[in-house]
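Worksheet: one structure, shown below.
Order of appearance sets the numbers: ligands from 1, and atoms from 1 within every ligand.
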Amino acid sequence: MKYKPEDLTRLPRSVEYKNRMVHLIDQRLIPHEFKIIKLETVDEVAQAIKTMQIRGAPAIGAAAAFGLALYAETAKVESKEEFFNGFYRAYEILKNTRPTAVNLFWALNRIKHLAEEHREDSLNEIRQLIVEEAQKIADEDVEANLQMGHIGAEILPEGNILTHCNAGSLATVHLGTVGAVLRVIHKEGKLKLLWVDETRPVLQGARLSAWEYHYDGIPLKLITDNMAGFVMQQGKVDAIIVGADRIVANGDFANKIGTYTLAVLAKEHRIPFFTVAPLSTIDMSLKSGKEIPIEERKPEEVLTCGGCKIAPDVDVYNPAFDITPHKYLTGIITEKGVVYPPFERNLKKLFE
Ligand code: MRU
């Protein structure tokens with residue numbers, strides 16, 4: 001591959017496991033403060049995922065994997081049975097943090113299956129295997145992003161790109177899915193301007209994407225979500241690339257609320273619309289997007305903005321994600337190549 005992660009970003013990894021602690025960039029503080037927090041218990045990791053100190057599908061998966069590594073290394077137990085009882089408790093606590101991004105379940109199950117396969121090994125061997133597997137999950141995520149970056153750069157048109165939410169380095173272990181593609185096309189001089197949607201209600205676009213892409217010198221303009229259609233109508237968008245929290249067997253996918261609106265607008269304006277995601281985001285067990293569980297979050301996220309009350313105390317509906325039907329998708333950029341329609345047939349081939 002042409003570029004290494006350090007050629008593409010000045011940011012450190014967003015989540016790491018060091019000295020029996022999960023280190024992560026506290027994303028609730030950005031852009032006001034850059035702080036790495038160090039978590040010492042499974043409950044702290046689960047809380048960080050729930051409160052979105054760490055967020056973004058692959059980053060959540062890696063954090064949960066490191067949560068199990070933390071348990072494996074620190075559990076004070078008398079027997080293997082006691083170890084496994086505690087392991088299943090930790091697994092459940094981490095599994096019940098957020099429901100939509102499939103990477104969380106993918107990472108937890110990968111470690112659970114491995115531990116169960118090695119049940120007959122010594123306790124020390126099992127502890128070590130779990131830690132190594134969690135680290136592998138994180139390293140493979142970086143490698144997959146690097147591949148997606150190079151693959152995406154080959155097919156995207158030169159010009160202006162629009163993105164939604166944050167599928168950048170902060171949303172993954174390093175570089176990002178969309179973030180890797182943007183970083184490679186920027187490096188190659190193909191990215192004229194990045195339009196960043198602010199992404200209400202939690203403002204991942206304004207707070208996180210604008211911060212991390214600006215930090216890496218990518219030319220961008222921030223817009224509110226309701227400006228995207230007008231910018232497209234003015235002919236100022238050449239392609240749209242977004243992340244995904246779960247892609248199902250027919251190509252429908254869940255991503256940050258507002259993605260569906262963009263996809264419909266892209267079709268009206270004949271703008272190519274891609275999602276960028278690793279295989280760990282693809283859930284072949286679900287047939288259509290209707291089966292994806294959609295997380296509903298607290299009303300406060302809608303009733304406030306940046307900590308300020310902006311509405312009276314009325315009823316609120318706050319789905320964190322929406323489903324984009326596959327008919328709006330031009331293609332899915334993965335680490336194994338770009339998947340084009342018919343998605344049902346072509347997604348299957350990725351796993352053969
Ligand atoms: O609620 P969030 O911030 O975790 O939602 C994140 C998104 O929707 C991202 O676009 C998605 O996880 C892809 S991250 C590479």
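More than 12 non-hydrogen atoms from other residues, nucleotides or ligands lie less than 6.0 angstrom from CD of Gln234.
Between Lys136 and Glu133 a salt bridge is recorded (basic side-chain N to carboxylate O distance below 4.0 Å).
For a heavy-atom separation below 4.0 Å, the residues in contact with ligand 1 are Met52, Arg55, Gly56, Ala57, Pro58, Arg98, Cys165, Asn166, Ala167, Ala171, Thr172, Thr177, Gln204, Gly243, Ala244, Asp245, Asn255, Lys256, Phe321.
Each of Ile126, Val77, Ile130, Val42 was scored for a side chain to side chain contact (heavy atoms under 4.5 Å, CB included) with Phe87, with one residue passing: Ile130. When each of Ile151, Ile332, Val276, Thr330 is tested with Val338 by the rule side chain to side chain contact (heavy atoms under 4.5 Å, CB included), just one qualifies, namely Ile151.
The salt bridge (Lys or Arg N to Asp or Glu O under 4.0 Å) contacts involving residues 306-329 comprise Lys309-Asp313, where partners must be two or more places apart or lie in separate chains.
With hydrogens and angles disregarded, a donor-acceptor distance shorter than 3.5 Å links the side chain of Arg246 to the backbone of Thr100.
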